[in-house]
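Have a look at the structure below before the remarks.
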Amino acid sequence: MNIATAPQPFSANDYKSDYKPVWCPGCGDYSVLLAFTKAMAQLQRPPEEIAVISGIGCSSRIPAYTNCYGFHGVHGRALPVGTGLKVARPELTVIVAGGDGDGFSIGGNHFLHACRRNIDITYIVMDNRVYGMTKGQPSPTTEPDWDSALAPGGTGLRPFHPLVIALASGANFVARGFSGDPNGCADLIVQAVRHPGFSFVEILSPCVTFRPDQREWGKMVHAAPVNPTDDAARAARRIMTDDGFNTGVLYAGNRAPFRPQTAPAAGLDAIEAEFAL
Amino acid sequence: MTAGGERRYSVQEFYALLYAMEHEAAERYDELANQMETHNNAPVASLFRELAAIERKHAVKLQSHGQSVQAIRPRDLLLGASFELPETAPLDRAHYLMTPAHALALALENEEQAARCFDALAAAAPDDEVRKLAADMAAEEHRHAALIRAKLAGLPEPPADWDQDLDPPRFSE
């Protein structure tokens, strides 16, 4: 067991900002932030070479809590911003982060096409199966029978299945983690960033305020009993038939990431002129 | 903690384990203190801050054995089936209305878990020095647990409706 490594210039705390999160105590997003900072420390990329892009929602506050470059953007539009940034600045490590509502409902179409384009970015979705910021409406991943004041008796709707949709749309890396295992999530994020192309990491991140039942997730998650595959059909079968609580890397493909062949024709001056009032 | 004693640690690795445990425990209590400050729960914030300071003192003491923050990858040191090191308070146990009694009960669980882990290591370590270190650590964690238990006994029981908020963040009809 090799546990001691040479001292490294960046520790997890170097990726944290001075802002204290305003999430509810007990929220899984705290652990995802911790996992993110641990992952960046493992990667040893300087904070100024990392950009964290988000949309809207509780989890989308995450860029402010990191010491990296950040962009807290428009609802559901984090992926287009992240895609554009990576195309313009390929030397940056671009992490897009958000929640299930932002990513699969408001930004659902962008999710499909980001997977299809296979740009070399990492997308972390903190999935709590509810719209927490707007006080507990069912989201695309909510179970059909989840009974609440805002959806009495449940929605009766089939939940969106993000992992298999990512796979079918062309994502090159698909993984699932659990926020209660921040060290495991950190390892998944490291692998996702290192894997070329579009990497999708779904992190089951309980909303203890509107979904206190999700406190039980810690007893339900388990490591995927099989090794990752590069066979998309096999991965799809596994993901479609698992219980939704398998964690680990579920697919690691070999598709070459998309990189534009030509540099952008317009310079910064031309863009500024376009937007001049 | 069943698997703690199944791993074989060298003395250096054992010190790495100790350092990682104390360092992570201190960081976690600070994180919980920050959360409570943000949510205006001052008594629990100050209690978590105090616990962080105690754990940090232990970590600093262990630095004399050559351990540093950067040199540790806690993932390599996880024991048994736990997601986190035995003395690290799980983030999902926090509640914005928790009382000092809840916070101390959580700290007690952490100390008891660490004690069980060291008991298992002491019982199974093949190396004499590691076995002795583990036994010493187990005794220390049992002492800490006893201190917390005594402090906890002096606190009032949280009321049954401790988590009731007259101005809750959640929607109600």
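Throughout, protein chains are lettered first and strands after them, A, B, ... in sequence-line order, and every chain is numbered starting at 1.
In this structure, the portion of B/Met36 lying under 4.5 Å from any heavy atom of chain A is its side chain and not its backbone.
At most 12 non-hydrogen atoms from other residues, nucleotides or ligands lie less than 6.0 angstrom from NZ of B/Lys61. For CD of B/Glu129, the number of neighbouring non-hydrogen atoms (other residues, nucleotides, ligands) closer than 6.0 Å is 12 at most. Annotation for A/Glu48: atom CD counts as buried by contact number, over 12 foreign heavy atoms lying within 6.0 Å.
Minimum heavy-atom separation, A/Trp23 to B/His39: O-NE2, 2.9 Å.
Taken to the nearest 0.5 Å, the OG atom of A/Ser31 stands 6.0 Å off from the CZ atom of B/Arg28. Taken to the nearest 0.5 Å, the OG atom of A/Ser11 stands 8.0 Å off from the CD atom of B/Glu27. Note that CD of B/Glu31 and OH of A/Tyr30 are 6.5 Å apart. Values are rounded to the nearest 0.5 Å. A/Tyr19 contributes atom OH, which lies 13.5 Å from atom OG1 of B/Thr38 (distance to the nearest 0.5 angstrom). For the atom pair A/Ser179 OG and B/Asp92 CG, the distance stands at 7.0 Å (nearest 0.5 Å).
Looking only at heavy-atom pairs under 4.5 Å with chain B, the residue among A/Pro182, A/Gly132, A/Pro21, A/Ala41 that has the most is A/Pro182.
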Margin query: Set out, in order, the CA-CA distance, both residues' side-chain angles and the distance that settles side-chain contact (heavy atoms from CB on, under 4.5 Å) for A/Val221 and B/Phe83, then state yes or no.
Written below: CA-CA 11 Å; A/Val221 293; B/Phe83 288 128; 3.6 Å; yes

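Remark: the backbone N or O of A/Cys24 is not paired with any side-chain donor or acceptor of B/His95 at under 3.5 angstrom.
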